[in-house]
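No hydrogens, no waters, no symmetry mates; every other heavy atom, side chains included, goes into these values.
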Amino acid sequence: MNATKAKPQGSLLSYISGFLLSLLLTAAAYIAVTQHTFSGAALITIIIVLAILQVLVQLFFFLHLGSETRPRWKLIVLLFMLMILGLLVFGSLWIMQNLNYSMMSPEQMNVYMINQNSAGF
Amino acid sequence: MNNETALTQHAAKTNDKTMFGFWVYIMTDCILFATLFATYAVLRNNVADGPSGREIFNMPYTLVETLLLLTSSFTCGLMILAARAGKLRQVGLWLAVTFALGLSFVTMEVTEFTHLVAEGHSWQTSAFLSSFFTLVSTHGLHITIGLLWILVMGAFLLRRGLNEHSLRRLEMFSIFWHFLDVVWVFIFTIVFLMGVA
């Protein structure tokens, strides 16, 4: 019995606050996109930040990552997974962008350079 | 220390190992989804002659799907609280609610997919749609497996009731279900919101 009593993982309060925060963050992201208050890079940054916040909320309030006792193996595996995830996603995007650049036809390259010029490069 | 506490402590240690092993499985499943997300991110502009995301995504519909899944994640949390308190009837109730919400989500997703295919926007149309269907339906497949898991757990609970084995399985199920909600947050943001932004 001691073992089960020793780790009170999550309470009703943590689930309710996690649920309400998630609802709030989902609504914020949805409204930001549908109301067109922001656009372009600012909008993308806002919704990515809202998504990351929501994942943190769910990790702590639903999956109780914060109440893990030392040594924090779950957290270590999670961080390792995030490293692989980062390499996979950003590595793929980086490589494919370079590939697209190298594979441009002369006409596409002209358009690309005119665009870069007008963007101030 | 008498024999009984030694046994329960041994059981608790085995339990912790099982939970950790399941957590590692979940993390590798995240890497599976990362590869699908990377594929989608690379191919999202390659629409060939087909439609782009902006033309085919129904945002209010997707928002309802998101809310269904989020609520089911919450009821799954209520289920695990009831299980820890040893309240079998409440566990049954919340499992049933979670199942109903999950089933509505899958039904909505399948309806959306058949609708898209009927309009001629199947996975064969463009690289964008191939990666879209692969990513979203892999998540839907996980949810379907979760629904089967709920049915199996329900049968197990009816036969054996709440004991340490069923509690451990319910705990693993809840991790699985919360994780699927986390993956959906990214699908909703990266595929749908960024698709129409």
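For a residue to count as touching a neighbouring chain, one of its non-hydrogen atoms must lie under 4.5 Å from one of that chain's; by this rule A/Leu23 touches chain B with backbone and side chain alike. For a residue to count as touching a neighbouring chain, one of its non-hydrogen atoms must lie under 4.5 Å from one of that chain's; by this rule A/Ile84 touches chain B with the side chain only. When heavy atoms are compared at a cutoff of 4.5 Å, A/Leu43 approaches chain B solely by way of its side chain, counted from C-beta outward. Both the backbone and the side chain of A/Ile16 come within contact range of chain B, each with at least one heavy atom under 4.5 Å from a heavy atom of that chain. Contacts of A/Ile47 with chain B are made by both backbone and side-chain atoms, with heavy-atom separations under 4.5 Å.
In A/Met113, the CE atom is not crowded: 12 or fewer heavy atoms of neighbouring residues, nucleotides or ligands sit closer than 6.0 Å. Residue A/Phe80 places its CZ atom among 12 or fewer non-hydrogen atoms of other residues, nucleotides or ligands, all under 6.0 Å distant. Heavy atoms of other residues, nucleotides or ligands lying less than 6.0 angstrom from CZ of A/Phe90 number 12 at most. Annotation: A/Gln97, atom CD; neighbour count of heavy atoms from other residues, nucleotides and ligands within 6.0 Å does not exceed 12. Enclosure of atom CE in A/Met83 by more than 12 non-hydrogen atoms of other residues, nucleotides or ligands within 6.0 angstrom is indicated.
In terms of hydrophobic clustering, with Ile, Leu, Val, Met, Phe, Trp and Tyr side chains grouped at heavy-atom distances under 4.5 Å, A/Leu63 and B/Met19 are assigned to a common cluster. Using a 4.5 Å cut-off between side-chain heavy atoms of Ile, Leu, Val, Met, Phe, Trp and Tyr, with links allowed through other members, B/Trp149 and B/Leu158 fall into different hydrophobic clusters. The hydrophobic clustering, which links ILVMFWY residues whose side-chain heavy atoms are closer than 4.5 Å, places A/Tyr101 and A/Leu93 apart. In the hydrophobic clustering of ILVMFWY residues, with side-chain heavy atoms under 4.5 Å counting as a link, A/Leu82 and A/Leu75 come out together. Cluster annotation: B/Val152 and B/Ile145 are assigned to distinct hydrophobic clusters (Ile/Leu/Val/Met/Phe/Trp/Tyr, side-chain heavy-atom contacts under 4.5 Å, transitive).
Top candidate by heavy-atom pairs under 4.5 Å with chain A, chosen from B/Leu78, B/Ile80, B/Val182, is B/Val182.
In this structure, B/Trp184 CH2 and A/Gln58 CD are separated by 13.5 Å, a value rounded to the nearest 0.5 Å. With rounding to the nearest 0.5 Å, the separation of CH2 in A/Trp73 from NZ in B/Lys17 is 12.5 Å. Here the CG atom belonging to B/Asp181 is positioned 7.0 Å from the CD atom belonging to A/Gln54, to the nearest 0.5 angstrom.
For residues 58-68 of chain B, heavy-atom neighbours of chain A at less than 4.5 Å comprise B/Met59, B/Pro60, B/Leu63, B/Thr66, B/Leu67, sorted by residue number. At a heavy-atom separation below 4.5 angstrom, chain A is approached by B/Met27, B/Cys30, B/Ile31, B/Ala34, B/Thr35, B/Ala38, B/Ala41, B/Val42 within residues 27-50 of chain B. Contacts between residues 189-197 of chain B and chain A, defined by a heavy-atom separation under 4.5 Å, are made by B/Thr189, B/Leu193, B/Met194, B/Val196, B/Ala197. Contacts between residues 109-122 of chain B and chain A, counted as heavy-atom pairs separated by less than 4.5 Å, involve no residue at all.
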Between B/Trp23 and A/Leu78, does the side-chain contact (heavy atoms from CB on, under 4.5 Å) criterion hold? Intermediate values first, please.
CA-CA 9 Å; B/Trp23 180 261; A/Leu78 178 84; 4.3 Å; yes
Let's go through A/His64 and B/Ile175 carefully: what are the C-alpha distance in whole Å and the side-chain angles of both, what is the deciding distance for side-chain contact (heavy atoms from CB on, under 4.5 Å) to 0.1 Å, and is it a yes or a no?
CA-CA 10 Å; A/His64 320 299; B/Ile175 294 180; over 6 Å; no
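Put simply, the side chain of A/Tyr30 reaches to within 4.5 Å of the side chain of B/Phe188, judged on heavy atoms.
Residues B/Gly77 and A/Tyr15 approach most closely at CA-CE2, 3.3 Å, considering heavy atoms.
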